[in-house]
*Asks:* 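Input: one structure, supplied below.
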Amino acid sequence: MISIIIIVKNDPRIEALLAKLATIKSPEQKEIIVVDASKGSLDEIRLKYPYVTWLDFPPLLHKKTYAEQRNMGIKSAKGDIIVFIDADCIPDTDWLAHLISPIQKKGELIVSGACRPFGKSFIHKEEQYGKYREECETMNIAIAKEVFEKVGYFDEHLEGCEDSDFCIRARRKGYKIRHTKDAIIYHDWGGIMKNVTRSYYGGRDRIRLYTKHINHLGVLNSNNIYTAYYVLY
């Protein structure tokens, strides 16, 4: 089984994603899990998709709960392949089949897909990678559940870059991150202010990531748009 996990907080764009997920091709049985920190603001959408497993995430003192939400989803998942996609993304119809194919047919255990912006964007472009990556975001990734048994879950002490942290720890355990350009999602990056805010926190979170993994400073990913913001911050 494939477990598709979506974390969300007060983002109604998840409705478009859920509608699309109902139409995508899946090579085997799948479940959809939403871990919701919205405290009821998305209940109208929730009622439209009764087949989705909807988990209420309890409010915490800090604002960012990405790691905690992801871990809650993983622990409740029934599938042997865990797939993450963000609530503000829309996948291609063949996205899921392409994303998990390297796991099912080629023995890979972590696979990332391609992310393209909606429409034209002067800030965000589809990033180009070779066969394998150093790290990747959780907006488009498939991970064999057995990997979490060896690497552990997402670090709940980090308010951001918890996905990069997981990738660093996974690679240190000997895992590779396979990239497939055919597993395409489209991401709504938002307007100028949204990107300014994202850049600020992205730079801040990078500092905390490199503080934890000081040796990773020598492996800065030039494809990551937050590398420059890390320096500026």
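Only heavy atoms go into these numbers, but all of them, side chains included; no hydrogens, no water, no symmetry mates.
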*Asks:* Just how far is it from atom CD1 of Ile6 to atom CG of Leu55, taken to the nearest 0.5 Å?
*Replies:*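 Answer rounded to 0.5 Å: 11.5 Å.
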*Asks:* Indicate, with yes or no, if Val34 and Tyr51 share a hydrophobic cluster defined by side-chain heavy-atom contacts under 4.5 Å among Ile, Leu, Val, Met, Phe, Trp and Tyr.
*Replies:*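 Per the 4.5 Å side-chain linkage, Tyr51 and Val34 are co-clustered.
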*Asks:* Before you tell me yes or no, could you show the steps for Asn140 and Trp95 under side-chain hydrogen bond (donor to acceptor under 3.5 Å, both in side chains), namely the whole-Å CA-CA distance, both residues' side-chain angles and the distance that decides it to 0.1 Å?
*Replies:* CA-CA 9 Å; Asn140 187 9; Trp95 158 74; 2.7 Å; yes
*Asks:* Quick one: does Arg169's side chain have a donor or acceptor within less than 3.5 Å of a partner on Val151's backbone?
*Replies:*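 Checking the backbone N and O of Val151 against the side chain of Arg169, a donor-acceptor pair under 3.5 Å is found.
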*Asks:* Could you tell me if His187 and Asp86 have a donor-acceptor pair between their side chains, going purely by distance under 3.5 Å?
*Replies:*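 Judged by distance alone, the side chains do not pair up.
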*Asks:* Nearest 0.5 Å please: distance from the CG atom of Leu99 over to the CD atom of Gln104.
*Replies:*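 That separation rounds to 10.0 Å.
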*Asks:* Got a second to check how far Arg133's CZ is from Ile177's CD1, nearest 0.5 Å?
*Replies:*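 Result: 7.5 Å between the selected atoms.
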*Asks:* Could you measure the distance from the OG1 atom of Thr138 to the CD1 atom of Ile7? Nearest 0.5 Å is fine.
*Replies:*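 Between atom OG1 of Thr138 and atom CD1 of Ile7 there are 6.5 Å.
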*Asks:* May I ask you to say whether Lys145 pairs ionically with Asp80, meaning some side-chain N is under 4.0 Å from a carboxylate O?
*Replies:*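 Judged by the 4.0 Å cut-off on N to carboxylate O distance, Lys145 and Asp80 do not form a salt bridge.
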*Asks:* Measuring only between side-chain heavy atoms, which start at C-beta, is Pro91 closer than 4.5 Å to Ile24?
*Replies:*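 Side chain of Pro91 against side chain of Ile24, heavy atoms only: contact under 4.5 Å found.
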*Asks:* Please determine if Asp92 and Arg116 form a salt bridge, counting it only when a charged side-chain N lies under 4.0 Å from a carboxylate O.
*Replies:*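 Result for this pair is no, no salt bridge flagged.
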*Asks:* Quick one: does Leu17's side chain get under 4.5 Å of Ile85's, heavy atoms only?
*Replies:*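 Leu17 vs Ile85: side chains touch.
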*Asks:* Applying the side chain to side chain contact (heavy atoms under 4.5 Å, CB included) test to Ile81, which of Ile103, Leu96, Ile4 qualifies?
*Replies:*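 Only one option passes, and that is Ile103.
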*Asks:* Could you tell me which non-hydrogen atom of Glu15 sits nearest to which non-hydrogen atom of Lys48, and how far apart they are?
*Replies:*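 Heavy atoms of Glu15 and Lys48 come nearest at OE2-NZ, 2.8 Å.
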*Asks:* Would you check if Arg171 and Glu134 make a side-chain contact, meaning some heavy-atom pair closer than 4.5 Å?
*Replies:*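 Touching, per the 4.5 Å side-chain cut-off.
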*Asks:* Rounded at 0.5 Å granularity, tell me how far CG in Asp155 sits from CD in Glu68.
*Replies:*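 Reported value, rounded in 0.5 Å steps: 9.5 Å.
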*Asks:* Are Leu109 and Tyr175 side-chain neighbours, meaning at least one heavy-atom pair lies under 4.5 Å?
*Replies:*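 The answer is yes; the side chains approach within 4.5 Å.
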*Asks:* For the residue pair Phe84 and Phe154, does the interplanar ring angle fall in the parallel (under 30°), tilted (30 to 60°) or perpendicular (over 60°) class?
*Replies:*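 Geometry flag for Phe154 against Phe84: perpendicular rings.
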*Asks:* Is a side-chain donor or acceptor of Ser26 paired with a backbone partner of Glu28 at a separation under 3.5 angstrom?
*Replies:*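 Pair found, side chain donor or acceptor close to backbone of Glu28.
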*Asks:* How close do Lys78 and Met1 get, counting heavy atoms only, and between which atoms?
*Replies:*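 Here Lys78 and Met1 meet closest at CB-SD, 3.8 Å.
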*Asks:* What is the minimum heavy-atom distance between Gln69 and Val35, and which atoms define it?
*Replies:*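 Closest heavy-atom pair between Gln69 and Val35: NE2-O, 2.8 Å.
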*Asks:* Pair Asp11, Val8 - check side chain to side chain contact (heavy atoms under 4.5 Å, CB included), show working.
*Replies:* CA-CA 6 Å; Asp11 191 344; Val8 67; 3.8 Å; yes
*Asks:* In the structure I gave you, are the side-chain heavy atoms of Ile5 and Val83 within less than 4.5 Å of one another anywhere?
*Replies:*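 Side chain of Ile5 against side chain of Val83, heavy atoms only: no contact under 4.5 Å found.
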*Asks:* Looking only at side chains, do Thr65 and Lys9 share a donor and an acceptor under 3.5 Å apart?
*Replies:*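 Side chains of Thr65 and Lys9: no pair found under 3.5 Å.
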*Asks:* What pair of heavy atoms forms the shortest contact from Ile143 to Phe166, and how long is it?
*Replies:*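 Nearest heavy atoms, Ile143 then Phe166: CD1-CE2, 3.8 Å.
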*Asks:* Would the number of heavy atoms belonging to other residues, nucleotides or ligands and lying under 6.0 Å from NZ of Lys75 be above 12?
*Replies:*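 Yes, NZ of Lys75 has more than 12 neighbouring heavy atoms, counting only those of other groups under 6.0 Å.
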*Asks:* Could you tell me if the side chain of Val111 sits less than 4.5 Å from the side chain of Ile141, heavy atoms only?
*Replies:*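 With C-beta onward as the side chain, the pair stays apart.
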*Asks:* Does any part of the side chain of Ile90, heavy atoms only, come nearer than 4.5 Å to the side chain of Ile185, both counted from C-beta?
*Replies:*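 Of all side-chain heavy-atom pairs linking Ile90 with Ile185, none is under 4.5 Å.
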*Asks:* Does a side chain donor of either His179 or Ser112 reach within less than 3.5 Å of an acceptor in the other side chain?
*Replies:*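 Yes, a side-chain donor-acceptor pair sits under 3.5 Å.
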*Asks:* Does Ser3 reach the main-chain N or O of Gly79 with its side chain, forming a donor-acceptor pair under 3.5 Å?
*Replies:*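 Yes.
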*Asks:* Is Ser38 reaching over with its side chain to a backbone N or O of Asn10, donor-acceptor style, under 3.5 angstrom?
*Replies:*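 Flag set: sc Ser38 to bb Asn10 pair under 3.5 Å.
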*Asks:* Would the distance check show the side chain of Ser76 and the main-chain N or O of Gly73 forming a donor-acceptor pair, the cut-off being under 3.5 Å?
*Replies:*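 Answer holds: yes.
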*Asks:* Which pair of heavy atoms, one from Glu135 and one from Ser164, lies closest together, and at what distance?
*Replies:*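 So the two residues come closest at OE2-OG, 2.7 Å.
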*Asks:* Does any part of the side chain of Ile110, heavy atoms only, come nearer than 4.5 Å to the side chain of Cys167, both counted from C-beta?
*Replies:*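 A side-chain contact is absent here, since even the closest heavy-atom pair is not under 4.5 Å.
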*Asks:* About how many Å separate CD1 of Ile14 and CG of Asp36, when rounded to the nearest 0.5 Å?
*Replies:*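 So the gap between those two atoms works out to 7.0 Å.
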*Asks:* At their closest point, which heavy atom of Asn71 faces which heavy atom of Glu156, and how far apart are they?
*Replies:*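 For Asn71 and Glu156, the tightest heavy-atom pair comes out as ND2-OE2, 2.9 Å.
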*Asks:* State, without any angle test, whether Tyr132 and Glu108 hold a side-chain donor-acceptor pair at a distance under 3.5 Å.
*Replies:*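 Per modelled atom types, Tyr132 and Glu108 side chains form a pair under 3.5 Å.
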